There are 2 protein chains.
Amino acid sequence: MSTPDPVHPTSVRLRVFSLNCWGIRYLSKHCAQRYTMIGDLLAKEQYDVVLLQEVWSEKDFDALRKKLASSLPYGHYFKSGVIGSGLAIFSKHRIQDTFRYRYSLNGYPYMLNHGDWFGGKAVGMAVLNIGNTTAHFYVTHLHAEYSREKDSYLPHRVVQAWELQHFIRYTSAEADLVVLAGDFNMHPMDLGNRLLRTYADLRDAYVETPKFDGCEDGGTMIAENPNNDMVPPEKGIRIDYILFKGSSRLELHCESMSTTKGSVLDHAFPYSDHEALTAELRLDRVAQDGVSQDGSNGMGPLARGSDRTAGKLAELVDIVTEARTEVKVGLHCAQGMCYTAARTGVMGLVLLLLELAIAAVPWLALGAPGPFPSVSFYLLGALCFLILLTTALLYLFYTMEIKSLQEAEDQMRQAVGCLQERSPWRNTAALNVMDALAGGKQVETWDFYSENQQAEM
Amino acid sequence: MSTPDPVHPTSVRLRVFSLNCWGIRYLSKHCAQRYTMIGDLLAKEQYDVVLLQEVWSEKDFDALRKKLASSLPYGHYFKSGVIGSGLAIFSKHRIQDTFRYRYSLNGYPYMLNHGDWFGGKAVGMAVLNIGNTTAHFYVTHLHAEYSREKDSYLPHRVVQAWELQHFIRYTSAEADLVVLAGDFNMHPMDLGNRLLRTYADLRDAYVETPKFDGCEDGGTMIAENPNNDMVPPEKGIRIDYILFKGSSRLELHCESMSTTKGSVLDHAFPYSDHEALTAELRLDRVAQDGVSQDGSNGMGPLARGSDRTAGKLAELVDIVTEARTEVKVGLHCAQGMCYTAARTGVMGLVLLLLELAIAAVPWLALGAPGPFPSVSFYLLGALCFLILLTTALLYLFYTMEIKSLQEAEDQMRQAVGCLQERSPWRNTAALNVMDALAGGKQVETWDFYSENQQAEM
């Protein structure tokens, strides 16, 4: 509500809402009615900032904007890709500026049944001034996970999380407060999530809040939701998040958090196939002497002892190394696919040339039309041409995928090198292996010491 | 050389080099020999940071890296797109981290003769620690200008400049010093350049330096260069730049600047079709009391009086409005092309259906094969199919182009609104029109006041 708080008179409170709207016109069940319900909710509740995902049609955004003209007068729809990014923000406070980073990787254009590629997935940033506070709000939607056991999109999602943490880390330096919300399509302890929390120093509202009202284990994809046809485990999974961090100038606490619980009172169906998240954040300005205005130690949750820093560095090296392993796996697959496309293309070309030779030889030899051209000849020619065209497009696509994966891998190698340089214990590689063995984790160290030295030769 | 300076004993100097290498293997003249020359130069001269563009082959980067192992031990090649971004950085100081932002727009894939689209143009960022100074180096290469009179890529280049200033503004908040170098493909007073200098607060080394040794008017594409077949005006054009800014913690001066002058001593041809740039920067740390350690006023060039701020705001509003006009022109063209693609696609589909009907009718009516299928029938069918496929791909492409242009336009509208809000004179729109009339400039104000109000309704 961004109003002073009676218990902490100098504090300001902020209500943040996040929802994956599942807004595919004509395909998502009860789409229009659900948007009406969402609009009613947003108009009624006193939110400060609303971060929406999967608003696939700009018309729906415009309708919401009209409806929320008085309660949330500022808004921005992040346009990207063929359909759009699906990301939108509404705010009670004036949006000063927006910026968008489109992820390098986001599935495959030929996976029409999944369709993520067409969405132009991105992270949208909005800069707000709330009183004297510069707040950066980020909204994102990462690539869906269609199969947990055989998740062929994992390297893409890991690269997205990598780019996301990079983007937030560098663009939030001036911010007093950072909030990232969205559908990450990752379970709480998944690699990308750990990367985000550890590298970008973000705190999970669900974990931090002393007061939670919502589904068991904070689930946001639950079996009780009749719109949800992904059949998650019985007690649901948590894949939507509100993460946050303060700064040396501002201390941030999550006072309470809630989610919807599948059904909505007086309505036949829920708002979406995901549950909506609401977090109440308390902002305490840190006084110059390091003590916040309400008397508590302002640096509280942000204090970083050297032990903690050392521990965090080691954890980060582990996580980035694990991410690098995933990217390498993706790179290996992409290189294989690229090779297959090239080989198939060459086969198509040889077949086409062979056909032309067959057609040309009797014409050259006899000077008169032979049994050619026949139906099969033209059909085969068309097939060869189609193979050539398709493989050429695929080759282009896989080459770009490889470049993006290589770039992420290079950045990760560099990061690991620099993190190790900063670490109080230099022989972290050996420590990592010991940690991994002790914890039963499958962490490959990729012998990065020698690789780094070679690369930085 | 990042060594203390005898005249300013507490200052540090930094030598920065930038060159568009024109490194298209097998196509650029004397490519391999020129890389040898470039490598020799970089190994001999004591540069701190080298920023290269158009290094299209990673093999050439690797060869340079090997050659520069002792003089510039750190390097990064920014991978992007089909071919790569062509951007590379070499440094004497350890590269702590790299990040890359790929531009939303970069020409058209079917313009094979221009080929910019395949380059995956981007801005590469490298974070360096030089002593206690955090330095952010940016290298970029914007879309080429093939015709100054009829520059169909202007909206793309303006959006690139817009994204570039956005990226630099937000990612450089923590930096003590910022250097951006590259081939901008823009003349000094071109819109994109003004946008960069004004919005991202960057200073042009060529303009700032008291000591310049190089081509007339700082030209970097000159008629004397035998590799240059773009035939620029007789005295050459300046399209390559080194821009920089300090921070409240660090004052930055360009002490001297030089460019190559077409020919190279003892060599038959120059390093590239562009001239190379070298800038010597002096870094003075600003003391806490606002006076730098060498006694001068540390805030010197960074000081911003309120008059200056007001003047700058008005200038910015003008520039962003002009950029918005260009983007709107581009949007209009893209929408036209998208419509044409859709219409042609529908025509192709109708023709294909007509063909099928012609083929089907005699088969249905007579139950026996008529004169069909003939050569022309199959050829026409293949043509229709090709039209359908091509127009579908073009439609996808133009849809994405429109989304990116719309996003930039939205951001610009927002920026103008916020800049006007901050301006001491509110009725800037009217002032702009007066300015435009007085200066004879064609600035359209697009009646943004009413539009903003409508959009932020």
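FYI, side chains are in, hydrogens and waters are out, and symmetry mates aren't considered; it's all heavy atoms of this structure. Bear in mind that the values here come from a model prediction, so they are computed numbers and not experimental data. Just so it is clear: chains get the letters A, B, ... in the order the sequence lines come, proteins before strands, and each one is counted from 1.
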On a heavy-atom basis, the closest approach of Arg100(B) and Gln411(A) is N-NE2, 4.0 Å
Taking salt bridge (charged side-chain N to carboxylate O under 4.0 Å, His left out) as the definition, give me every residue that meets it alongside Glu174(A), ordered by chain and number, with sequence neighbours left out. none
Rounding to 0.5 Å, atoms OG1 (Thr98(A)) and CZ (Arg413(B)) come to a distance of 9.0 Å
Nearest 0.5 Å, please: how far is CD in Glu58(B) from NZ in Lys403(A)? 6.0 Å
For chain B, which residues of residues 160-170 of chain A have at least one non-hydrogen atom nearer than 4.5 Å to it? Glu163(A), His166(A), Phe167(A), Arg169(A), Tyr170(A)
Which bit of Leu419(A) comes within less than 4.5 Å of chain B, counting heavy atoms only: side chain, backbone, both or neither? neither
For Phe397(B), look at atom CZ and say whether over 12 heavy atoms of other residues, nucleotides or ligands are found less than 6.0 Å away. yes
Go through the steps for Arg94(B) and Cys418(A) under the test side chain to side chain contact (heavy atoms under 4.5 Å, CB included), then give the verdict. CA-CA 9 Å; Arg94(B) 183 169 191 138; Cys418(A) 281; 3.5 Å; yes
Chain B contact via Leu393(A) - side chain, backbone, both or neither, heavy atoms under 4.5 Å: side chain
Looking at chain B, which one of Met125(A), His136(A), Lys79(A) has the largest number of heavy-atom pairs inside 4.5 Å, strictly under? Lys79(A)
Looking at every non-hydrogen atom in both residues, tell me the closest pair between Val82(A) and Thr399(B) and how far apart they are. O-CG2, 3.3 Å
Just verifying a value: how many Å separate Leu396(A) CG and Phe118(B) CZ, rounded to the nearest 0.5 Å? 5.5 Å
Side chain, backbone, both or neither: which part of Phe385(A) has a heavy atom under 4.5 Å from chain B? side chain
Non-hydrogen atoms of chain A under 4.5 Å away: do they reach the side chain of Leu389(B), the backbone, both or neither? side chain
For Tyr77(B), check side chain to side chain donor-acceptor pair (under 3.5 Å) against everything at least two apart and list the hits. none
Which pair of heavy atoms, one from Gln414(A) and one from Asp97(B), lies closest together, and at what distance? OE1-C, 4.1 Å
For Lys121(B), salt bridge (charged side-chain N to carboxylate O under 4.0 Å, His left out) partners two or more places apart: Asp116(B)
With a 4.5 angstrom heavy-atom cut-off, which part of Ser80(B) approaches chain A: side chain, backbone, both or neither? backbone
